[in-house]
Amino acid sequence: MGKLIRMDLYRMLKSKTFLVCLSVAFVLALANAPVAKLMYTLANSLSSEINETFAAEVNLSDLLSDPFPMMGLMLALLSLCFFFYADVENGYIKNIAGRMPMKGFTILSKFVASGVHNLCFAAAGIIGNLIGTVLVQRIVMDANVLDSIRVLALKLLLAQSLCAMLVLVVSTFRSKSLGMILAVLFGMGLTSLIYMGINEGLKPLFGEGTDISKIMPDSVMNETPLGTLKALVVAIVAGAVFLLPAIRIFDRKDVK
C-alpha cells in the first residue's frame with residue numbers, strides 16, 4: 001500500500017495538468033488583491049454615487065483562512081479529476097489493480113494522494129494571496145491568527161470530503177465528464193440550485209424546513225464563523241458515505 005501511494009504521488013506531482021492548474025491557481029491568488037483594488041478604483045471613477053475606499057489594511061488571519069482564493073478550489077478539483085481518471089484513460093489500471101490484494105486499495109491510494117494535492121493548492125493560494133496583498137495593502141498581525149489555522153485545517157478536511165465524492169464518480173464509476181461538472185459546481189459555489197431541487201423532493205418526507213445545503217461540505221466550507229464540531233462531523237460523515245462505497249464497489253467490479 002505504501003508503494004502504491006508513493007507511485008500515485010509521483011505520478012500526480014509529475015502530471016502536466018497538476019502543474020498547469022497549480023500555476024494558474026497561484027497566479028490568480030497573486031492577482032486577487034490587485035484586481036480587487038482595480039475594481040474599486042474603476043467603480044469610483046465611473047460613478048459619482050460610489051464613494052467607497054479600498055481598505056489600506058487587511059488582517060493576516062483573513063488571508064490564512066482562505067486557502068482557495070479566486071477559483072482555487074475549482075482548479076484543484078479539476079486537477080484531481082484528471083489525476084483520478086489517468087490510469088483508466090491510459091489503460092494501465094488493470095496492471096496496477098492486479099498487483100493489489102484488494103483492487104479497492106487503488107481508490108484509497110488516490111484519496112490519500114489527494115490530501116497532498118490539496119495541501120499544494122492551499123499553499124499556492126495562501127502564498128500567492130500574501131504576495132499579491134503586500135503589493136496593494138498592509139498586512140496586520142491580528143489576534144485571530146491562531147484561529148485562522150483552525151479554520152484552514154477544517155477547510156482542508158471539508159475539501160477532502162469533496163475528493164471522496166469525486167473519486168467515487170471519476171475512478172469507481174469512470175465518469176470524468178460528470179466529475180468535471182461537479183468540480184466546477186463545487187468550486188464556483190453553484191450547487192445551490194441542485195440542493196434546492198433535492199430539498200423539494202425531500203420535503204414530503206422531512207417537512208418544509210428541509211435544507212441539505214446546511215450539511216454539505218461545499219456549503220459548510222463557506223460558513224462564517226466556521227464551527228469546529230459541525231465541520232468535523234460533515235467532513236467525516238460525507239467522506240465515509242462516499243469513500244467507503246467507492247472502495248467497495250471498485251473492489252467488486254471487473255477492471256478493464
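Quick caveat, the model's predicted, so the values are computed rather than measured.
The two residues Ser161 and Gly239 come nearest to each other via the heavy atoms CB-N, 3.8 Å. A pairwise comparison of heavy atoms in Pro217 and Leu158 identifies CB-O, 3.8 Å as the closest pair. What you find for Gly179 and Val169 is that their closest heavy atoms are N-CG1, 3.8 Å. Summarising the geometry of Asp8 relative to Phe83, their closest heavy-atom pair is O-CE1, 3.6 Å, with the distance given to 0.1 Å. Residues Phe84 and Ser171 approach most closely at O-OG, 3.0 Å, considering heavy atoms. Nearest heavy atom pair, residue Leu156 against residue Phe68, reads CD2-CZ, 4.1 Å.
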Does the side chain to side chain contact (heavy atoms under 4.5 Å, CB included) test come out yes or no for Ile131 and Ile127, once each step is laid out?
-> CA-CA 6 Å; Ile131 295 173; Ile127 293 172; 3.9 Å; yes
Apply the test side-chain hydrogen bond (donor to acceptor under 3.5 Å, both in side chains) to residues Ser213 and Asp211: give CA-CA distance (whole Å), side-chain angles for both, the deciding distance (0.1 Å), then the verdict.
-> CA-CA 5 Å; Ser213 66; Asp211 185 5; 2.6 Å; yes
Should Thr210 and Asn199 be marked as a side-chain hydrogen bond (donor to acceptor under 3.5 Å, both in side chains) after you check the CA-CA gap, both sets of side-chain angles, and the distance that decides it?
-> CA-CA 6 Å; Thr210 303; Asn199 290 338; over 6 Å; no
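The shortest side-chain heavy-atom distance between Met71 and Met188 falls under the 4.5 Å cut-off. Under the 4.5 Å side-chain criterion, counting only non-hydrogen atoms from C-beta, Leu73 is in contact with Met221. Residues Leu75 and Leu28 form a side-chain contact, since some pair of their non-hydrogen atoms from C-beta on lies under 4.5 Å apart. For the pair Met216 and Met165, the minimum side-chain heavy-atom distance is below 4.5 Å. With contacts defined as side-chain heavy-atom distances shorter than 4.5 Å, the pair Ile249/Phe173 qualifies. Residues Leu30 and Asn129 fail the side-chain proximity criterion, which asks for heavy atoms closer than 4.5 Å. Ile139 has its side chain within reach of Thr133: a pair of non-hydrogen atoms, C-beta onward, lies under 4.5 Å apart. Here the side chains of Tyr85 and Ser175 are not in contact, with every heavy-atom distance at 4.5 Å or above.
Put simply, the side chain of Ser109 never gets that close to the backbone of Thr106: no donor and acceptor are under 3.5 Å apart.
Grouping the Ile, Leu, Val, Met, Phe, Trp and Tyr side chains by contacts below 4.5 angstrom, directly or via other members, places Leu185 with Met180. Note: the hydrophobic cluster containing Leu193 does not contain Leu162 (ILVMFWY, side chain heavy atoms under 4.5 Å, direct or indirect links).
Aromatic ring centroids of His117 and Phe18 lie under 6.0 Å apart.
Looking at Lys155, Lys230, Lys214 one by one, the single match for salt bridge (Lys or Arg N to Asp or Glu O under 4.0 Å) with Glu223 turns out to be Lys230.
For the side chain to side chain donor-acceptor pair (under 3.5 Å) test, residues two or more places apart in sequence or in another chain that qualify with Arg150 are Asp147, Thr228.
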